[in-house]
Trainee: 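Please find one structure pasted underneath; my questions will follow.
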2 protein chains.
Amino acid sequence: MGLVLMDKTFNHILEGLKENGIYLTHQRMKIFEYLYKNRNHPTVEMIYKDLIKEMPTLSKTTVYNTMKILMEAGIVKEIPVNSNESRYDILTEEHGHFKCIKCGYIYDFNLNMESLSVEGLDNFIIYDKDVFFKGICSSCF
Amino acid sequence: MGLVLMDKTFNHILEGLKENGIYLTHQRMKIFEYLYKNRNHPTVEMIYKDLIKEMPTLSKTTVYNTMKILMEAGIVKEIPVNSNESRYDILTEEHGHFKCIKCGYIYDFNLNMESLSVEGLDNFIIYDKDVFFKGICSSCF
DNA sequence: TTACAATATTATAATAATTTCAAATATTCA
DNA sequence: TGAATATTTGAAATTATTATAATATTGTAA
């Protein structure tokens, strides 16, 4: 588990999935392609609405299943942006998320996680770190 | 709006709510008391399950409504810990959250948000910053 | 204190996101 | 090809949250 995305191309990632015993079905490849091309932290609904145009029989359940599989493969993660629908992000370099409370858009921003000083987590194993800001973006300001 | 919790006692906060024109009903006081005493990042369900013991007619809608009002008053906030139910936290000093993937418990930890170096948010107005870690806690390890 | 107007609570119904399930379909590999 | 296995699909079930309307409570002013 846990393929590394960094510096791999689209096809390399797909190959990696295959090597991990994950069947590369048409639906899965299209869903992954959507995530790879649109770095927009989509909801299941957004992915579904877009892909149904070219795959009229696509089921929302398949999108849910695929997101789960891609998460287990370590290629995608759910990002914590407290809303009532899950939002997903393809795993790339470390970055933070900023949600604009006016337009709702979720921006990526650069950060250096190492710089953050924390205390009280001795003997805790940290698998994942997230930074989430909320406010008003420069376009809405 | 936006009462400050820091260094205020339980009763001071309640008085502050009253001054802001918020009725101090029995339900609201009990819900606030729960949040004040149990710093456990509860879900609506957790609050409801606990309080129904002493208030048999309590409605879940009231818990939802009260959380909303306390958030608008700036006393409580929703914390981003991506799951499908909202979790709330009483506003205190700045801290991060760590969720153990084994026991599910959400720990607070100290951090210095100022130390985090970020870039790409020029002309963005930041209202709120959250840091969320996931992993295995020292008890489960 | 009483009456009134404003606001809150409650139970129920409605909505929305997600999960589960079983049948139909597709894929793999011998 | 054909059997075994895995995936996709659509429908139904579940869970979290919001809306509605009746009832109850609160604060204010006579």
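Residue numbers start from 1 in every chain, and the chains themselves are labelled A, B, ... in the order their sequence lines are given, proteins ahead of strands.
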Trainee: Rounded to whole Å, how long is the line connecting atom CE of A:M71 with atom C1' of C:dT19?
Mentor: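 Distance check: A:M71 CE to C:dT19 C1' gives 13 Å.
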
Trainee: Figure out the CG/C1' separation between A:L51 and D:dT9, and round it to whole Å.
Mentor: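 The answer, rounded to whole Å, is 16 Å.
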
Trainee: What residues form a ring-ring contact (aromatic ring centres under 6.0 Å, His included) with B:Y34, not counting sequence neighbours?
Mentor: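 Checked B:Y34 against ring-ring contact (aromatic ring centres under 6.0 Å, His included); zero matches.
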
Trainee: Would you mind reading off the distance between A:K30 atom NZ and D:dT8 atom P, rounded to a whole angstrom?
Mentor: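 Rounding to the nearest Å, NZ of A:K30 and P of D:dT8 are 15 Å apart.
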
Trainee: Nearest-Å distance, CG (B:L14) to P (D:dT26)?
Mentor: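 Between P of D:dT26 and CG of B:L14: 15 Å.
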
Trainee: Take the protein atom CZ of B:R28 and the nucleotide atom P of D:dT26, then report the distance between them rounded to whole Å.
Mentor: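 Nearest whole value for this atom pair: 11 Å.
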
Trainee: Is B:H41 reaching over with its side chain to a backbone N or O of B:I106, donor-acceptor style, under 3.5 angstrom?
Mentor: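 Looks like yes, one N/O pair under 3.5 Å.
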
Trainee: In chain order, what residues pass the salt bridge (Lys or Arg N to Asp or Glu O under 4.0 Å) check against B:K129, with sequence neighbours excluded?
Mentor: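 With sequence neighbours excluded, B:K129 shows a salt bridge (Lys or Arg N to Asp or Glu O under 4.0 Å) to no residue whatsoever.
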
Trainee: Atom CG of A:L58 and atom C1' of D:dT8: how far apart are they, to the nearest Å?
Mentor: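 Taking atom C1' of D:dT8 as the reference, CG of A:L58 is at 9 Å.
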
Trainee: Go nucleotide by nucleotide along DNA chain D from the 5' end; which of A:P56 and A:I69 gets its closest nucleotide reached first?
Mentor: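 Going by which nucleotide is closer to the 5' end, it is A:I69.
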
Trainee: With A:D50, which residues qualify under salt bridge (Lys or Arg N to Asp or Glu O under 4.0 Å), at least two apart?
Mentor: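 By the salt bridge (Lys or Arg N to Asp or Glu O under 4.0 Å) rule, A:D50 matches A:K53.
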
Trainee: State whether A:R39 and A:D108 are salt-bridged, where the test is any N-O pair (Lys NZ or Arg NE/NH1/NH2 against Asp/Glu carboxylate O) under 4.0 Å.
Mentor: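 Salt bridge absent between A:R39 and A:D108.
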
Trainee: Atom CE of A:M55 and atom C1' of D:dT9: how far apart are they, to the nearest Å?
Mentor: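 Atom-to-atom, A:M55 to D:dT9, this comes out as 12 Å.
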
Trainee: OP1 or OP2 of D:dT8 versus the side-chain N and O atoms of A:S59: is any pair under 4.0 Å?
Mentor: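 No, because none of the side-chain N or O atoms of A:S59 sits under 4.0 Å from OP1 or OP2 of D:dT8.
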
Trainee: If a protein heavy atom is under 4.0 Å from the base, mark B; if only from the sugar-phosphate, S; if neither, -; do that for nucleotides 11-22 of chain D going 5' to 3'.
Mentor: B----SBBB---

Trainee: Applying ring-ring contact (aromatic ring centres under 6.0 Å, His included), can you list everything that pairs with B:F141, at least two apart in sequence or on another chain?
Mentor: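 Checked B:F141 against ring-ring contact (aromatic ring centres under 6.0 Å, His included); zero matches.
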
Trainee: Aromatic rings A:Y105 and A:Y107: how do their planes relate, parallel, tilted or perpendicular, breaks at 30° and 60°?
Mentor: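 Perpendicular, since the angle between the ring planes exceeds 60°.
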
Trainee: When we call it a touch if two heavy atoms are under 4.0 Å apart, what does B:T62 touch: a base, just sugar-phosphate, or nothing?
Mentor: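 Base, at least one base atom sits under 4.0 Å.
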
Trainee: Just wondering, are more than 12 heavy atoms of other shown residues or ligands nearer than 6.0 Å to CD in B:E54?
Mentor: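 Counting neighbours around CD of B:E54, more than 12 heavy atoms of other residues, nucleotides or ligands fall under 6.0 Å, so yes.
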
Trainee: Does B:K18 pair with B:E15 as a salt bridge, N-O distance under 4.0 Å?
Mentor: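 Salt bridge: no.
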
Trainee: Please state how far atom CG in A:L17 lies from atom P in D:dA6, giving the value in whole angstrom units.
Mentor: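 Taking CG of A:L17 and P of D:dA6, I get 17 Å after rounding.
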
Trainee: Does D:dT9 have OP1 or OP2 under 4.0 Å away from a side-chain N or O of A:Q27?
Mentor: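 So the side-chain polar atoms of A:Q27 do come within 4.0 Å of the phosphate oxygens OP1 or OP2 of D:dT9, strictly under.
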
Trainee: Which nucleotides of nucleotides 25-30 of chain C have their base under 4.0 Å from a protein heavy atom (B), which only their sugar-phosphate (S), and which neither (-), written as one string 5' to 3'?
Mentor: ---S--

